[in-house]
**Student:** 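This structure is in structure tokens; I'll ask about it shortly.
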Amino acid sequence: MSDIRDLEKDDAPNNTEDTHQSSATDISTRDPEKEDHRMPGPHSTHSGSSGSSIHSDHSDHSYHSDPLSPLERALTPDLATEEEKTAYQSITRTRTGVSLATTSSRIPSFEVDFTENDPDDPKNWSTAYRGMSIGFCSFATWTVVLYSTSYTASIPGEMIEFNISSQPIATLGITTYLIGLAVGSLILAPLSELYGRRPVYIASLAFFCLLVLPCALATNLTVVLIVRFFGACAGAAMISNSPGTVADVATEKYRALAFSIWSIGPMNGPVTGPLIGGFTAQYLGWRWTNWLVMILSGLALIAMACVKETYAPVLLQKKAAKMRKDMDDERYWSRYDEKRGIIPLLKLNLSRPFIFTATEPILWFWDLYISIIYGILYLCFVAYPLIFQGLRGWSQGISGLAFVGLGIGTMLAISTEPLARKLINSHKKDPNTGRVYPEASVSMVCIGAFLCPIGQLWFSWTSLPITTHWIWPIMAGIPFGAGNCMVFIYASNYIAGCYGVYSASALAGNTVSRSLIGGTLPLAGTLMYNTLTPQWAGTLLGLTQVICIPIPFVFYKYGDRIRSKSPLIRQMKEDQERSEKRAIKAKKAAEKRRVGGVDYEEKGLGSREEIEKEHTAPLTHTITG
């Protein structure tokens with residue numbers, strides 16, 4: 001673990017022990033990367049605030065009552081933990097009532113935060129507007145994901161027009177797009193921390209929309225492959241940041257429902273791509289598969305422009321700046337006033353996921369398993385056209401309807417999420433946190449682990465001969481689609497539960513791994529199906545999934561023991577224990593600052609030590625970067 005500690009030491013300055021402390025829960029379940037913007041602190045207001053919000057209370061209740069956020073965690077690599085974000089804040093000069101002090105001693109009573117029923121808090125917006133925001137995010141994400149597979153419908157037309165004889169070469173468009181999504185997620189995810197979600201959405205969707213144009217006008221395949229990579233990098237902002245927007249606007253009570261609704265778009269994007277692309281290519285030509293996506297992305301851009309900023313740090317920065325201006329008082333501040341530079345953020349995003357993937361045995365197995373499931377899913381976009389168009393003689397548009405079974409299975413998995421949550425919550429709870437252990441999520445992965453090979457083997461042996469009714473291979477997509485969806489959602493939740501504050505880093509590495517496998521396996525799909533025949537090629541894939549079934553069962557049974565042997569998780573527990581000790585020390589220090597019943601900080605006078613220093617030394621201040 002020395003490499004991880006060295007990375008953090010290089011990026012973050014040392015902080016004093018009693019700064020920015022908070023009460024803690026068990027490290028395996030507490031997740032500051034997804035933590036609510038309201039942090040623990042005293043209730044306080046100022047007479048000049050005119051009803052504006054100052055620092056408000058927050059409870060750890062959300063951690064106990066909402067043990068799972070699977071849909072939220074599946075696609076969001078926001079890698080810096082809350083403690084690291086605090087550590088990166090540069091110390092600057094802030095004028096207090098008596099002296100010039102650093103931000104580490106800013107007056108708590110002048111901290112600007114959301115209050116209960118605050119109209120500036122996205123969670124307090126009208127239900128209709130929040131629902132609209134979630135729907136727009138789902139639509140925009142669906143457009144980006146749809147483009148990954150609608151490309152399969154354009155492959156025959158491209159091969160004819162560009163005089164390409166090798167289908168694997170033409171299939172590279174899927175590969176470059178999926179790799180672009182993985183790279184773009186790592187790069188664009190931290191930008192919302194610097195600039196907010198709305199500017200990132202608008203800029204990325206604008207670039208995504210424009211980069212579809214060269215593909216529609218391309219005169220050779222090289223242009224298509226290169227431009228699709230960069231277009232995917234831009235569109236990845238919707239995949240990496242949309243779950244954050246949903247979390248911003250959804251209250252704790254309806255968070256699971258909100259994520260279920262949002263996930264309808266991205267989870268069905270791969271399925272609807274060949275369906276829409278097939279009819280488009282058949283009746284309008286392959287170039288129109290690009291023009292259609294350009295129109296959809298333009299609509300998505302307009303839709304996201306109608307969504308207000310939801311990222312709490314940016315909103316609080318603006319709120320504090322407005323109060324400083326309106327009240328003509330520079331003492332108003334928010335904990336997010338200082339921004340980190342883009343270089344440290346990119347260094348963290350581009351290094352930590354790979355360090356975790358290389359050093360954590362838990363991730364070795366889960367990254368391998370999820371990547372295999374994901375790769376076989378994308379092989380379907382090679383197998384289905386080959387079987388339904390090439391062997392059964394269906395038209396390009398009608399063959400896209402074969403994916404309906406996959407869509408039904410995906411929707412069943414999403415719609416039964418409340419039932420799955422009840423099953424998960426019925427497991428034994430951790431006495432320290434009152435929440436179920438991370439292994440409870442694996443129970444749903446175990447179900448999905450059986451459904452995937454059942455659907456795959458069912459499809460393999462009913463797709464041919466062509467005398468077999470077409471409904472049977474299509475129905476095979478129902479268990480296959482449901483199993484894939486369950487594996488992605490709940491395996492991601494298990495990884496998040498294991499790695500707590502580092503969950504996004506672990507999931508980011510998983511995203512890269514599965515995108516690489518999902519992008520490269522289809523290249524071998526045509527050769528494999530032609531060589532082995534569809535029945536035996538599908539059987540090979542189904543048996544591969546059968547061989548992988550023990551992986552979730554082993555973690556379901558022995559996951560707690562495996563976690564206890566992880567060096568990183570042990571380090572996290574040690575850090576948590578130190579954090580708890582510092583919190584106790586900070587509480588005692590706060591009590592000592594109260595002299596004669598007067599809290600100097602709440603009076604705007606600074607700490608007792610600062611007041612004593614004012615009388616014994618000249619006015620000085622130190623600014624450190």
Side-chain angles (χ1 to χ4, degrees), residues 1 3-4 28 31 33 70-79 175 178-186 189 236 239-240 243 266 270 348-379 438-439 441-442 444-446 448-449 452-453 483-522 541 544-556 558-559 562-563 565-569 572:
M1 297 312 302
D3 49 357
I4 298 174
S28 65
D31 189 1
E33 294 189 44
L71 300 172
E72 173 185 2
R73 287 168 165 155
L75 294 170
T76 309
D78 180 14
L79 306 190
T175 305
L178 291 178
I179 293 175
L181 289 179
V183 173
S185 295
L186 294 176
I239 295 177
S240 62
L348 187 69
N349 269 39
L350 296 177
S351 59
R352 182 182 283 172
F354 299 102
I355 293 174
F356 283 8
T357 300
T359 59
E360 282 295 304
I362 292 176
L363 296 180
W364 296 348
F365 289 99
W366 281 107
D367 286 0
L368 174 64
Y369 179 61
I370 296 174
S371 296
I372 290 174
I373 297 297
Y374 197 71
I376 293 175
L377 171 64
Y378 268 81
L379 273 172
E439 286 70 33
S441 299
V442 184
M444 301 306 301
V445 182
C446 292
C452 287
N484 275 273
C485 188
M486 293 171 71
V487 168
F488 297 148
I489 291 174
Y490 298 102
S492 297
N493 188 81
Y494 174 69
I495 295 173
C498 286
Y499 288 95
V501 297
Y502 296 112
S503 62
S505 296
L507 287 170
N510 179 266
T511 299
V512 173
S513 300
R514 75 176 189 231
S515 296
L516 290 175
I517 300 297
T520 53
L521 272 185
L541 298 176
T544 301
Q545 292 176 320
V546 170
I547 293 173
C548 293
I549 287 177
I551 293 178
F553 278 90
V554 168
F555 278 90
Y556 181 66
Y558 304 107
I562 298 173
R563 283 188 290 114
K565 298 184 182 298
S566 166
L568 174 61
I569 294 176
M572 290 159 56

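Owing to the predicted nature of the structure, the values given are computational and were not obtained by experimental measurement.
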**Student:** Which residues pass the ring-ring contact (aromatic ring centres under 6.0 Å, His included) test with F365, sequence neighbours left out?
**Tutor:**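 ring-ring contact (aromatic ring centres under 6.0 Å, His included) list for F365, sorted by chain: empty.
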**Student:** With sequence neighbours excluded, tell me which residues meet side chain to side chain donor-acceptor pair (under 3.5 Å) with Y494.
**Tutor:**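 Once residues adjacent in sequence are excluded, the partners of Y494 under the side chain to side chain donor-acceptor pair (under 3.5 Å) criterion are E439.
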**Student:** Please evaluate residues I517 and I372 with respect to the criterion side chain to side chain contact (heavy atoms under 4.5 Å, CB included), reporting the C-alpha separation (whole Å), side-chain torsions for both, the decisive distance (0.1 Å), and the verdict.
**Tutor:** CA-CA 7 Å; I517 300 297; I372 290 174; 5.8 Å; no
**Student:** Side-chain contact, heavy-atom cut-off 4.5 Å: W366 with V442?
**Tutor:**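 Yes, their side chains come closer than 4.5 Å.
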**Student:** Give me the ring orientation class for Y374 and Y378: parallel if the planes are under 30° apart, tilted from 30 to 60°, perpendicular past 60°.
**Tutor:**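 If you compare the ring of Y374 with that of Y378, the planes turn out tilted.
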**Student:** With rounding to the nearest 0.5 Å, note down the distance linking CD1 in I495 to CG in N510.
**Tutor:**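 It is 4.5 Å, given to the nearest 0.5 Å.
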**Student:** Taking all non-hydrogen atoms of both residues into account, name the closest pair between V487 and A449 and its distance.
**Tutor:**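 Looking at all heavy atoms of both residues, the shortest contact is CG2-N, 4.2 Å.
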**Student:** For I373 and N484, what are the C-alpha separation, side-chain angles and deciding distance, and is it a side chain to side chain contact (heavy atoms under 4.5 Å, CB included)?
**Tutor:** CA-CA 7 Å; I373 297 297; N484 275 273; 3.0 Å; yes
**Student:** List for me each residue that meets side chain to side chain donor-acceptor pair (under 3.5 Å) alongside T357, sequence neighbours excluded, and say none if there are none.
**Tutor:**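 Checked T357 against side chain to side chain donor-acceptor pair (under 3.5 Å); zero matches.
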**Student:** Any heavy-atom pair between the side chains of I239 and T511 that's under 4.5 Å?
**Tutor:**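 They are not in side-chain contact.
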**Student:** Starting at OG of S185, measure out to CG of L507 and round the result to the nearest 0.5 Å.
**Tutor:**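 The OG atom of S185 sits 12.0 Å away from the CG atom of L507.
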**Student:** Report yes if the side chains of I562 and I362 come closer than 4.5 Å at any heavy-atom pair, otherwise no.
**Tutor:**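 Side-chain contact under 4.5 Å: yes.
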**Student:** As an exercise, state the distance from CG of L363 to SG of C498, rounded to the nearest 0.5 Å.
**Tutor:**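 It comes to 8.5 Å.
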**Student:** Taking all heavy atoms of L186 and all of A508, pick out the closest pair and write down the distance.
**Tutor:**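 Minimum heavy-atom contact is CD2-CB, 3.7 Å.
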**Student:** For residues N493 and S441, report the shortest heavy-atom separation together with the two atoms involved.
**Tutor:**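 So the two residues come closest at ND2-OG, 2.5 Å.
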**Student:** Between I549 and P453, what is the shortest heavy-atom contact and its length?
**Tutor:**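 For I549 and P453, the tightest heavy-atom pair comes out as CD1-CG, 4.1 Å.
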**Student:** So which heavy atom on G518 is nearest to which on P522, and how close?
**Tutor:**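 Looks like O-CD, 3.0 Å.
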**Student:** Do F488 and I370 touch side chain to side chain, with heavy atoms closer than 4.5 Å?
**Tutor:**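 F488 reaches I370 side chain to side chain.
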**Student:** Do V512 and P353 have side chains that approach each other closer than 4.5 Å (heavy atoms only, starting at C-beta)?
**Tutor:**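 They are not in contact (no side-chain heavy atoms under 4.5 Å apart), so the answer is no.
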**Student:** At what distance, to the nearest 0.5 angstrom, does CD1 of I489 lie from CE of M444?
**Tutor:**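 That separation rounds to 9.5 Å.
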**Student:** For the atom pair OH (Y558) and CZ (R563), what is the distance rounded to the nearest 0.5 Å?
**Tutor:**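 The OH atom of Y558 sits 15.5 Å away from the CZ atom of R563.
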**Student:** Give me the atom names and distance for the closest heavy-atom approach of F356 to A506.
**Tutor:**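 Looking at all heavy atoms of both residues, the closest pair is CD2-N, 4.0 Å.
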